[in-house]
There are 2 protein chains.
Amino acid sequence: MSLRHAILGLLESAPATGYELTQRFDISLNTAWHARHSQIYPELAKLEEAGLAEVIGEGPRNSRTWAVTDAGRQELRRWLIEVEPSRHQRNETALRWFLVFLLAPDERRAVLERELAYVERQYAELRALGDQFDAEGKTGGFRPVMDLGFGMHETMIAWLRKQIEEAR
Amino acid sequence: MSLRHAILGLLESAPATGYELTQRFDISLNTAWHARHSQIYPELAKLEEAGLAEVIGEGPRNSRTWAVTDAGRQELRRWLIEVEPSRHQRNETALRWFLVFLLAPDERRAVLERELAYVERQYAELRALGDQFDAEGKTGGFRPVMDLGFGMHETMIAWLRKQIEEAR
DNA sequence: TAACGCATGTAATACGTTACATGATTCT
DNA sequence: AGAATCATGTAACGTATTACATGCGTTA
């Protein structure tokens, strides 16, 4: 049940409305987990029922701000430390990079160039968000973007450039 | 419908039984896509119905070997070239590496050391498989393991070592 | 005041996992 | 002969996507 723990983690980093959680899944967590609002709202209701999250405030437009309870924090900690991780992945981008070698070099290069453009744009966006976060001098919680420290984007860009070169 | 195209791609690399496809999902494709036999067999039936795959031979124990049809090859090519990729991912490992900063340094280090041990073991296994494949001098199709060329494992190992050091 | 973005929710459908079920072949 | 592995299939349940549905608050 990773969705549950993703939400607990995002809420522990900072309380949020369901709407804001949806945005954080798109921005912060997009290389790790994905969820839409139609999954998030029902899960928040279940978390409340289980005593793991609670509404700590109401705002305009019937919005409700959620936070993790002590039991929720405990559950998240338990999951991180004790639960054996599932190593399964579903990553359509990686699947395509794997299958692209079935194409003729010309077609392959075209596909890989589209991928390179995407990764470079995404990397630039993440860096801009990270810089913005640092400039605001926020402490505690997450940097908004997980990938900044991972080095994955540089690795992917280097790999794509190499494959494009070799398909020439 | 990535499952469909993952299967078409694996079959284009080499014909296989449903059972062998299940193994290839576990070994070759484990960092890109995951599927169990209970999903693979029904999908093969659908591919046959759609004229994208066909049975090209029967073996012992009622096994049936599947291959891609011309229409299937065309569909795979179309998907790779024309279909806009979905960038959504579900990767529990990445989620955990993101959330691990919510733990106290001691606990975090313990979790990250477990992760490092896992990644190093996986990397060694993948390299062994790749070496074996190269030694057999196979040509055409895939190397069995996608990750060998990607450089992701080195990047992940370096990141984990750095985080473990910083949590000290 | 109209359009846009914020904000929440549900229903139908599709996709994926777990568990159940069975039989064939090979190895010890 | 018995155990292990190969090999296929389905049913029940859980998870995720798409589409439908509604209303509030701000901005042009």
Side-chain angles (χ1 to χ4, degrees), chain A residues 1-8 10-11 15-27 29-30 32-50 53-66 79 83-92 95, chain B residues 1-8 10-11 15-27 29-30 32-50 53-66 79 83-92 95:
Chain A
M1 280 198 301
S2 295
L3 173 64
R4 161 162 296 199
H5 299 97
I7 290 174
L8 287 174
L10 287 173
L11 288 180
T17 66
Y19 189 84
E20 287 164 343
L21 284 175
T22 307
Q23 294 177 316
R24 290 202 216 166
F25 269 99
D26 286 342
I27 297 167
L29 221 47
N30 61 2
W33 209 262
H34 177 255
R36 315 224 161 187
H37 81 274
S38 57
Q39 213 182 348
I40 290 166
Y41 289 112
E43 188 62 37
L44 283 169
K46 283 185 210 161
L47 284 168
E48 183 172 42
E49 202 184 350
E54 63 188 344
V55 175
I56 55 159
E58 310 202 350
R61 293 175 244 204
N62 304 321
S63 69
R64 296 189 295 158
T65 299
W66 294 81
W79 181 76
V83 176
E84 181 62 22
S86 158
R87 304 298 177 175
H88 298 156
Q89 297 190 31
R90 279 200 182 77
N91 177 345
E92 189 179 313
L95 177 61
Chain B
M1 280 196 299
S2 295
L3 173 64
R4 159 161 298 199
H5 298 98
I7 290 175
L8 287 174
L10 288 174
L11 288 180
T17 65
Y19 189 84
E20 287 164 343
L21 284 175
T22 308
Q23 293 177 316
R24 289 202 216 164
F25 269 98
D26 285 343
I27 297 167
L29 221 48
N30 61 1
W33 208 262
H34 177 256
R36 315 228 158 183
H37 81 273
S38 58
Q39 213 181 348
I40 290 166
Y41 289 111
E43 188 62 36
L44 283 169
K46 284 185 209 162
L47 285 168
E48 184 173 42
E49 203 184 352
E54 62 188 344
V55 175
I56 55 159
E58 310 202 349
R61 290 175 246 205
N62 304 323
S63 70
R64 295 189 295 158
T65 300
W66 294 81
W79 182 75
V83 176
E84 179 63 24
S86 159
R87 304 298 177 175
H88 297 156
Q89 297 188 31
R90 280 199 182 76
N91 177 344
E92 188 180 313
L95 177 62

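So you know, we letter chains A, B, ... as the sequences are listed, proteins then strands, and number each from 1. Only heavy atoms go into these numbers, but all of them, side chains included; no hydrogens, no water, no symmetry mates.
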>> Between P42(B) and W33(A), which residue's closest nucleotide on DNA chain D lies nearer the 5′ terminus?
In response: P42(B)
> Start at the 5' end of DNA chain D and walk down; is the nucleotide closest to E20(B) or to S38(B) reached first?
Replying inline: E20(B)
Tell me: [atom1] of [X] to [atom2] of [N], nearest whole Å?
{"X": "R61(B)", "N": "dA7(D)", "atom1": "CZ", "atom2": "C1'", "result": "7 Å"}
{"X": "E58(B)", "N": "dA24(C)", "atom1": "CD", "atom2": "P", "result": "15 Å"}
{"X": "R64(A)", "N": "dC24(D)", "atom1": "CZ", "atom2": "C1'", "result": "15 Å"}
{"X": "L3(B)", "N": "dG16(C)", "atom1": "CG", "atom2": "C1'", "result": "9 Å"}
{"X": "I40(A)", "N": "dT18(D)", "atom1": "CD1", "atom2": "P", "result": "14 Å"}
{"X": "H88(A)", "N": "dG14(D)", "atom1": "NE2", "atom2": "P", "result": "19 Å"}
{"X": "K46(B)", "N": "dG9(D)", "atom1": "NZ", "atom2": "C1'", "result": "14 Å"}
{"X": "E92(A)", "N": "dT17(D)", "atom1": "CD", "atom2": "P", "result": "12 Å"}

Taking only the side-chain nitrogens and oxygens of [X], find out if one of them lies under 4.0 Å from OP1 or OP2 of [N].
{"X": "R36(A)", "N": "dT18(D)", "result": "yes"}
{"X": "R90(A)", "N": "dG16(C)", "result": "yes"}
{"X": "Y41(A)", "N": "dT8(C)", "result": "yes"}
{"X": "Q39(A)", "N": "dT15(D)", "result": "no"}
{"X": "S63(A)", "N": "dT8(C)", "result": "no"}
{"X": "Y19(B)", "N": "dC6(D)", "result": "yes"}

>> Applying a 4.0 Å non-hydrogen cut-off, can you work out what H37(A) is touching in the nucleic acid: base, sugar-phosphate, or nothing?
In response: base
> Quick check: does any side chain N or O of H34(B) sit under 3.5 Å from a backbone N or O of N30(B), one acting as donor and the other as acceptor?
Replying inline: no
> Does any N or O in the side chain of E20(A) come within less than 3.5 Å of the main-chain N or O of T17(A), such that one atom is a donor and the other an acceptor?
Replying inline: yes
Would a 4.5 Å heavy-atom cut-off, applied to side chains only, mark [X] and [Y] as touching?
{"X": "S2(A)", "Y": "W33(A)", "result": "yes"}
{"X": "E92(A)", "Y": "H88(B)", "result": "no"}
{"X": "I56(B)", "Y": "L11(B)", "result": "no"}
{"X": "N91(B)", "Y": "R90(A)", "result": "no"}

>> As an exercise, state the distance from CG of L3(A) to CG of L8(A), rounded to the nearest 0.5 Å.
In response: 9.5 Å
> Is DNA chain D part of any stem, that is, at least 3 consecutive Watson-Crick or G-U pairs with both distances under 3.5 Å, and where?
Replying inline: C:1-28 with D:1-28
